[in-house]
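Hydrogens, waters and symmetry mates are skipped; everything else that's a heavy atom, side chains included, is used.
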Amino acid sequence: QRLLERDWTPLPPERQREGLPMEAGGGGDVVVEKTFIPEQCERSVKEGDFVRYHYHGRFPDGTGFDSSYDRGSTYNVFVGKKQLIEGMDKALPGMCVNERRLVKIPPHLAYGKEGYGDVIPPDAVLHFDVLLLDIWNPEDKVQVKTYHRPERCGREVRVSDFVRYHYNGTLLDGTLFDSSHTRLRTYDTYVGIGWLIAGMDQGLLGMCVGEKRIITMPPFLGYGENGDGSDIPGQASLVFDVVLLDLHNPKDGIAVEKQQVPEKCPRRSKAGDYMRYHYNGTLLDGTPFDSSYSRNSTYNTYIGMGYLIAGMDEGLLGVCIGERRRVTIPPHLAYGEEGTGTTVPGSAVLVFDVHVVDFHNPSDTVQVAISFKPEVCEPLAKKGDFVKYHYNASLLDGTFIDSTHRYGKTYNVVLGAGQVVLGMEMGLQDMCVGEKRRLVVPPHLAYGERGIDGEVPGSAVLVFDVELVDMEEGLPEGYMFVWNDDVSPDLFVEMDKNKDSQVEPSEFSDYILRQVNEGKGRLAPGFDRHKIIENMFGNQDRNGDGKITEDEFRLKADESVDHDEL
């Protein structure tokens, strides 16, 4: 009705009478007045076409005798095959969809001298107000007009593919009968195996993801003579405006595109490795659904062990640290027909752009690569030695963590005393002064799953470039003080300065420090000497009264168990 009201607006006089002349007194030919001509006319009626149109039939005085609108159904008929009165057969050719014509037909081209029962009297001139809604021909095929095609099209729709697409479905006159957009979900189906109307099965073939097409089909490739029983009338041509969002085949495996591979790749990932990686996840049409970057945190997990969707488990095998790759995963190797219920729709192909930050295996130990070794390389660092070294620390991807050079001093530790992570303890063993090494330390020998907040990410493999600057030999295991010379037989007497037959803490401390300063004894390097001496005194003070008597005093060699004794 809206179109009818709009189209009553007459054309300018110079465009109205474009039909055939009709003689006065009922002779002559059909007169056609074009009361509305659409801006676009891709096709016009010709003999042999099938048309659907609405009309009002009136006599010249304005009295109505028939109307398709009153019946609520278009008039559907072939043109030029004598299925119409001759005047209408002559008036319809050249007409466009949505064109409106006022057709005046003389009696001899209508119902003549006999008229038509009680409806049309003899010798009646008939006026028809015609609105054309549809044209097709039995020779028609599906028409495809692509109005957008992506620059890159790695794959086109073929028979048996599963597709997800949005569409607007209209009749040929533009009347909307259905739209996936209004339902806020794509139409998901197989192509070419009879799950769709024939015209759509044909019209989707050859499409790329992201492509937009107008698919026009005659009714015998759509819903035929009966329509769909609701919104699509019988014998209606259909027009679908389609955008393809997704495409896969049930036989598809994952697709891997290596975008950037480091020149050096000493190791490739394998099942059972623990990996840290960043990713952007999108649907096949580019719609993002997830990103580790937005969380400012890598995704950390075991690979090849079922912790990930099957496609990602497979797609992360064989990568190098630092590699970037695109992994495209069909839905049967991702979230299947159901999707995630939120960001990933059902039957969606997923695309992951992955950057591998690091990976390790729980069985890994420290990797040691010697970059420089002096010609004379001894002694070698061992447990208990006090070592001084410089280091630069980074993650496997080169991200800087820390460096002793920033502070202008070495890092000093006693090997085997638990003062550094276990991986560093292991990596410093058997180094000599001047030697340089690169240590690759897995997280279980460094800072573990938690890392260090704000400095070292959880589960991070660390790289240390180490230079041993100085080393002081440690004491034998279990000793915190050793004598360089023979032990004095009068040791207790020498300590007891005030000769009161007992040694107080100050006397004990003064004596030990004097032996060290004179080179007669040596404290374990790298520890607080006062705490060592305090510990030594406590071990001699058997009864804990703060004094050592001659009965309490004894050398370590006389002890049956290990203590920090003399």
**OP:** Report yes if some heavy atom in the side chain of Val466 is under 4.5 Å from a heavy atom in the side chain of Met424; otherwise report no.
**Re:** yes
Original post:
How many angstroms lie between atom CG of Leu308 and atom CD of Glu314, to the nearest 0.5 angstrom?
Top reply: 12.5 Å
Original post:
Any ion pair linking Arg155 and Asp161 (charged N to carboxylate O, less than 4.0 Å)?
Top reply: yes
Original post:
Under 3.5 Å, side chain of His332 to main-chain N/O of Asp252, donor-acceptor pair present?
Top reply: yes
Original post:
Side chains of Thr410 and Thr404: does their closest heavy-atom pair fall under 4.5 Å?
Top reply: no
Original post:
Within the distance-only criterion (no hydrogens, no angle test), does the side chain of Asp385 pair as donor or acceptor with the backbone N or O of Glu473 below 3.5 angstrom?
Top reply: no
Original post:
Would Lys499 and Val493 count as a side chain to side chain contact (heavy atoms under 4.5 Å, CB included) if you check the C-alpha gap in whole Å, the side-chain angles of each, and the deciding distance to 0.1 Å?
Top reply: CA-CA 8 Å; Lys499 308 304 179 185; Val493 175; 3.7 Å; yes
Original post:
With a cut-off of 6.0 Å (strictly less than), are more than 12 heavy atoms of other residues, nucleotides or ligands near CD of Glu338?
Top reply: no
Original post:
Is the backbone N or O of Phe386 less than 3.5 Å from a side-chain atom of Glu472, with the two atoms forming a donor-acceptor pair by type?
Top reply: no
Original post:
Would you say Thr298's side chain and Asn300's backbone share a donor-acceptor pair under 3.5 angstrom?
Top reply: no
Original post:
Which pair of heavy atoms, one from Arg276 and one from Pro457, lies closest together, and at what distance?
Top reply: NH1-CB, 3.6 Å
Original post:
For Glu494, does the CD atom sit with more than 12 other heavy atoms under 6.0 Å from it, leaving out its own atoms?
Top reply: yes
**OP:** Assert yes or no for the condition that the ring centre distance of His355 to His278 is strictly below 6.0 Å.
**Re:** no
**OP:** Could you tell me whether Lys270 and Asp273 have a side-chain N and a carboxylate O separated by less than 4.0 Å?
**Re:** yes
Original post:
What do you reckon, is CZ of Arg438 surrounded by more than 12 foreign heavy atoms closer than 6.0 Å?
Top reply: no
**OP:** Identify the heavy atoms of Met275 and Ser269 that sit nearest to each other, and give their distance.
**Re:** CE-CB, 3.7 Å
Original post:
Does Asp545 reach the main-chain N or O of Lys547 with its side chain, forming a donor-acceptor pair under 3.5 Å?
Top reply: yes
Original post:
Would you say Met431 and Met471 make side-chain contact, with heavy atoms under 4.5 Å?
Top reply: no
Original post:
Going by an N to O cut-off under 4.0 Å, is there a salt bridge joining Glu156 and Arg149?
Top reply: yes
Original post:
Do Met426 and Leu439 pass the side chain to side chain contact (heavy atoms under 4.5 Å, CB included) test, and can you show the C-alpha distance, the side-chain angles, and the key distance before you say yes or no?
Top reply: CA-CA 9 Å; Met426 298 167 66; Leu439 312 178; over 6 Å; no
Subject >> Plane angle bin for Phe162 and Tyr190 - parallel if under 30°, tilted between 30 and 60°, otherwise perpendicular >> reply: perpendicular
**OP:** Using a 4.5 Å cut-off on heavy atoms from C-beta on, say whether the side chain of Asp397 contacts that of Asp358.
**Re:** no
Subject >> Least distance between heavy atoms, Tyr299 atom then Ser292 atom >> reply: N-CB, 4.5 Å
Original post:
Between Leu244 and Cys208, what is the shortest heavy-atom contact and its length?
Top reply: CD2-O, 3.4 Å
Original post:
Sub-3.5 Å donor-acceptor pair from the side chain of Asp541 to the main-chain atoms of Gly544, do we have one?
Top reply: yes
Original post:
Does the distance from a Lys or Arg side-chain N to an Asp or Glu carboxylate O, for Asp290 and Arg295, drop under 4.0 Å?
Top reply: yes
Subject >> Reported CD-to-CG distance for the pair Gln419 and Asn412, which is rounded to 0.5 angstrom >> reply: 9.5 Å
Original post:
Any donor-acceptor pair under 3.5 Å linking the side chain of Glu552 with the backbone of Asn543?
Top reply: yes
Original post:
For the side chain of Gln515 and the backbone of Lys520, is there at least one donor-acceptor N/O pair under 3.5 Å apart?
Top reply: no
**OP:** Hey, could you give me the CG/CZ distance between Leu247 and Arg164, rounded to the nearest 0.5 Å?
**Re:** 11.0 Å
Original post:
Sub-3.5 Å donor-acceptor pair from the side chain of Glu425 to the main-chain atoms of Gly418, do we have one?
Top reply: yes
**OP:** Give the minimum heavy-atom separation between Tyr307 and Asp313, together with the two atoms involved.
**Re:** N-OD2, 4.0 Å
Original post:
Roughly how far apart are Met495 CE and Glu504 CD, rounded to 0.5 Å?
Top reply: 13.5 Å
**OP:** Verify side chain to side chain donor-acceptor pair (under 3.5 Å) between Tyr407 and Asp402, making sure each step is shown before the conclusion.
**Re:** CA-CA 10 Å; Tyr407 312 109; Asp402 198 12; 3.0 Å; yes
Original post:
Stepwise, does the side chain to side chain donor-acceptor pair (under 3.5 Å) test hold for Ser160 with Asn249?
Top reply: CA-CA 7 Å; Ser160 80; Asn249 194 280; 3.1 Å; yes
Original post:
Heavy-atom count around Arg529 CZ within 6.0 Å, excluding the residue itself: above 12?
Top reply: no
**OP:** Decide whether Thr549 and Asp551 meet the rule of one side-chain donor and one side-chain acceptor closer than 3.5 Å.
**Re:** no
Original post:
Does CZ in Arg185 sit with more than 12 non-hydrogen atoms of other residues, nucleotides or ligands closer than 6.0 Å?
Top reply: no
Subject >> Tyr411 side chain reached by Val420 side chain, heavy atoms, under 4.5 Å >> reply: yes
Original post:
Does Leu523 reach the side chain of Ile512, with side-chain heavy atoms less than 4.5 Å apart?
Top reply: yes
Original post:
Can you name the nearest heavy-atom pair linking Ser291 to Asn280, along with the distance?
Top reply: OG-OD1, 2.6 Å
**OP:** Among Val157, Asp246, Thr189, find the one that has a side-chain contact (heavy atoms from CB on, under 4.5 Å) with Tyr165.
**Re:** Thr189
Original post:
Looking at the rings of Phe240 and Phe177, which for Trp means the six-membered one, are their centres under 6.0 Å apart?
Top reply: yes
Original post:
For the atom pair CD (Glu550) and CG (Leu491), what is the distance rounded to the nearest 0.5 Å?
Top reply: 10.5 Å
Original post:
Phe352 and Phe289: ring pair (Phe, Tyr, Trp, His ring centres under 6.0 Å), yes or no, with the steps?
Top reply: CA-CA 10 Å; Phe352 290 92; Phe289 65 84; 5.7 Å; yes
Subject >> Side-chain heavy atoms of Met200 within contact of Val242, under 4.5 Å >> reply: yes
Subject >> Stepwise side chain to side chain contact (heavy atoms under 4.5 Å, CB included) test for Glu507 and Asp496 >> reply: CA-CA 7 Å; Glu507 292 175 317; Asp496 184 16; 3.9 Å; yes
Original post:
Crowded around Phe492 CZ? As in, over 12 foreign heavy atoms under 6.0 Å?
Top reply: yes
**OP:** For Leu395 and Val461, run side chain to side chain contact (heavy atoms under 4.5 Å, CB included): C-alpha distance rounded to whole Å, both residues' side-chain angles, the deciding distance at 0.1 Å, then the answer.
**Re:** CA-CA 6 Å; Leu395 302 180; Val461 179; over 6 Å; no
Original post:
Should we say atom CZ of Arg183 is surrounded by more than 12 heavy atoms from elsewhere, each under 6.0 Å from it?
Top reply: yes
**OP:** Look at the rings of Tyr391 and Tyr389 and say which category their plane angle falls in: under 30° parallel, 30 to 60° tilted, over 60° perpendicular.
**Re:** tilted
Original post:
Between CG of Asp188 and CH2 of Trp195, what distance do you get to the nearest 0.5 Å?
Top reply: 11.0 Å
Original post:
Would you say the side chain of Asp353 lies within less than 4.5 Å of the side chain of Arg324, judging by non-hydrogen atoms?
Top reply: no
**OP:** Can you establish whether the number of heavy atoms outside His530 located under 6.0 Å from its atom NE2 is more than 12?
**Re:** no
